[in-house]
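Everything below concerns the one structure shown next.
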Amino acid sequence: MAEVTETTAASSSEGQKPAVPETKRLWSDEVDDEEVQPSATEEKAVLELNVDALAIDENTKVNKFLDEPEDSRIQAVTTGDTPYTSASTFEDLNLSPELLKGLYVEMKFQKPSKIQAISLPMIMTPPYKDLIAQAHNGSGKTTCFVLGMLSRVDPKQQSPQALCICPTRELSIQNMEVLQKMGKYTGISSECAVPIESRNNDRSRYRPPISAQVVIGTPGTIKRLMSQKKLGVNDMKVLVFDEADHMLAKDGFQDDSLRIMKDIQRFNSHCQVLLFSATFDETVKNFVSKVVKDYNQLFVKKEDLSLESLKQYKVILPDELAKIRVVKDRILELGENIGQIIIFVNTKRSASMLHTSLVELGYEVTTIHGALNLEDRDKIVKEFKDGLTQVLISTDVLARGFDQQQVNLVINYDLPVKYENQSEPHYEVYLHRIGRAGRFGRKGAVFNFIMTDHDLMIMRKIESYFNSPVAEIPSWGSEEGFKVALKEAGLL
DNA sequence: AAAAAAT
């Protein structure tokens, strides 16, 4: 079948290898992964911080929080005769001047990241093949598909031409914000298709049809707009699935996603499908390759997936009270200058319980989960993104994709396990959760709370799966170990 | 069971 190459720092520096007669082409190209400093949002957030300690010190930011570019290997497999040349600059991509301006002026980007350099030519070069793309957390996948959508839209044609489906409302909104910023000078119109009011209020029947050129939203709303013919698919050129492995998983949104895909393909056979995620387990990978035909693909080995710049630790604790004590005394007490913190829990009840405990102890924490009404969810995310709150307790609603550069510490208060089989870790969720820290190669730390033998077993499986040992904090009762850990992670 | 969104 297809041939596989790895892009490594040692591989050739230009172009692709010669065509292999009649079969597949190789992609073998070296790309530096010097991530662009995302200064725009950072400066804004820093200005609005009300806790001095939360601010990233402008003078030391580069040394302290931005690690060396990772030397990650991405496996690329392409099909057909189309040659792709990695884009070392955004100019290589034949973008409109308006779009380039958005990248430089609004986004403050300087050059494509590794995944961008490789995937963008694949997305933008006719005959516009489908693409399955895996890349590390925080490596700039959003830019890939947002830029892909913007560049393929015909600005003169006022109808939906690009559609992006995301697993949560929050992620849809975040992606929309990126799109609007990047596309600011293009005049391209966009609309976010997510539920607006809490519950049972079907206004969509009485709304005008969508004329926006790019639509981003959640499966249910999109499905409904399509079945009510408010969202036409006739001119659709690109269909993006963000967090694609989850969107196509059986316990994810497989049914909705397939339905949307098929409805589009029924009217429009040449709509390009782009699948992006940091994780694709074997089951999903196999399924996905049946869903899309004649696609290019980019994959990362699971052992290469944990971020180098992220230090992971485990803390052995005797009981639940100790968990709360550790959060309070070992982390919140000395965490004042370690940036923002997300504490992940497995259930809404666990979230509320922890929230109550910490508030009773006098800490200002906020909590988000799917049972809150939409207005509250929006408010809590906004406050956190604006730097008004330091500590956020969350269920897996924010496990994927949530991008807040100032998050340097993630706590797994509960370890993620599979629902069907509680003694199996949920490896993908683990990776996504910890990926909320260490965005764009920044330094970060993860604390995993281990309370039972079962927890310990789960943790060990995670360590061996990703082949990345997780250091143990010697004693939960002493401050020292936590200080050492945070220093080691570069946060203190 | 987290989540989306509808029944």
Side-chain angles (χ1 to χ4, degrees), chain A residues 163-176 192-205 207 215-228 230-231 240-261 263 277 279 281 284 342-355 367-378 380-381 392-402 410-436 454 458:
Chain A
L163 177 61
C164 172
I165 326 264
C166 317
T168 63
R169 194 169 175 280
E170 282 70 19
L171 197 49
S172 304
I173 294 169
Q174 180 179 287
N175 287 337
M176 180 55 78
C192 204
V194 296
I196 354 162
E197 282 149 2
S198 297
R199 227 99 199 108
N200 265 348
N201 220 334
D202 188 5
R203 292 267 174 80
S204 58
R205 227 176 284 272
R207 57 154 294 158
V215 178
I216 301 179
T218 46
T221 305
I222 302 263
K223 218 175 57 176
R224 184 157 77 176
L225 287 165
M226 279 174 55
S227 68
Q228 292 173 345
K230 295 289 185 185
L231 174 57
V240 179
F241 287 97
D242 192 7
E243 308 297 344
D245 60 326
H246 188 238
M247 300 308 292
L248 289 163
K250 199 89 192 107
D251 71 340
F253 297 95
Q254 190 179 87
D255 295 346
D256 289 346
S257 297
L258 288 182
R259 170 86 187 279
I260 291 167
M261 212 184 292
D263 278 0
S277 183
T279 53
D281 72 26
V284 180
I342 299 182
I343 306 178
F344 281 108
V345 294
N346 285 353
T347 64
K348 297 170 199 167
R349 280 176 55 196
S350 183
S352 318
M353 190 270 312
L354 180 60
H355 180 96
T367 300
I368 185 166
H369 54 69
L372 301 183
N373 67 47
L374 301 176
E375 295 76 18
D376 289 346
R377 278 167 65 161
D378 288 347
I380 282 154
V381 167
L392 180 60
I393 299 168
S394 176
T395 59
D396 286 328
V397 65
L398 295 189
R400 286 171 174 264
F402 183 71
V410 164
I411 299 172
N412 280 318
Y413 189 89
D414 304 322
L415 291 177
V417 290
K418 294 214 166 99
Y419 178 61
E420 327 83 65
N421 182 358
Q422 300 274 120
S423 56
E424 265 301 289
H426 205 312
Y427 302 108
E428 289 71 34
V429 169
Y430 180 81
L431 200 82
H432 284 281
R433 281 183 180 184
I434 69 173
R436 296 318 98 213
H454 183 257
I458 297 289

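To find a chain, count down the sequence lines: A is the first, B the second, and so on, and within it residues start at 1.
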State whether A/T221 places a side-chain N or O below 4.0 Å from either non-bridging phosphate oxygen (OP1 or OP2) of B/dA4. no
For B/dA6, does OP1 or OP2 lie under 4.0 Å from any side-chain N or O of A/K223? no
Taking all heavy atoms of A/L398 and all of A/R436, pick out the closest pair and write down the distance. O-CD, 3.5 Å
Which whole-number value in Å describes the distance from A/L415 CG to B/dA1 C1'? 16 Å
d(CG, A/L225; P, B/dA6) in whole Å: 9 Å
Selected nucleotide, minimal atom distance to A/K348 side chain, candidates B/dA1, B/dA3, B/dA6: B/dA3
Here the distance between atom P of B/dA3 and atom CD1 of A/I222, to the nearest Å, is 20 Å
With rounding to the nearest 0.5 angstrom, report the CG to CD1 distance, A/L163 to A/I222. 4.5 Å
Are A/R400 and A/D242 within salt-bridge range, i.e. N to O under 4.0 Å? no
Using a heavy-atom cut-off of 4.0 Å across all strands, would you classify A/R433 as base, sugar-phosphate, or nothing? nothing
What's the CE-C1' distance between A/M247 and B/dA4, to the nearest Å? 9 Å
Contacting residues from residues 248-257 of chain A, given that a heavy atom lies under 4.0 angstrom of DNA chain B: A/D251, A/F253
When rounded to whole Å, the CD to P distance for the pair A/E424 and B/dA1 reads 19 Å
To the nearest angstrom, how far is A/H246 atom NE2 from B/dA4 atom P? 10 Å
So, using side chain to side chain donor-acceptor pair (under 3.5 Å) as the criterion, who are the partners of A/D255 when residues are at least two apart? none
Residue pair A/H246 / A/S277, side-chain donor-acceptor N/O under 3.5 Å: no
What is the distance from CG of A/D396 to P of B/dA4, rounded to the nearest Å? 11 Å
What salt bridge (charged side-chain N to carboxylate O under 4.0 Å, His left out) pairs are there with at least one residue in residues 410-431 of chain A, not counting sequence neighbours? A/K323-A/D414, A/E424-A/K461
Shortest non-hydrogen contact from A/R433 toward A/N346: NH2-OD1, 2.7 Å
Would you tell me if any nitrogen or oxygen in the side chain of A/R377 comes within less than 4.0 Å of OP1 or OP2 on B/dA4? yes
Please give, in whole Å, the distance from B/dA6 C1' to A/R169 CZ? 16 Å
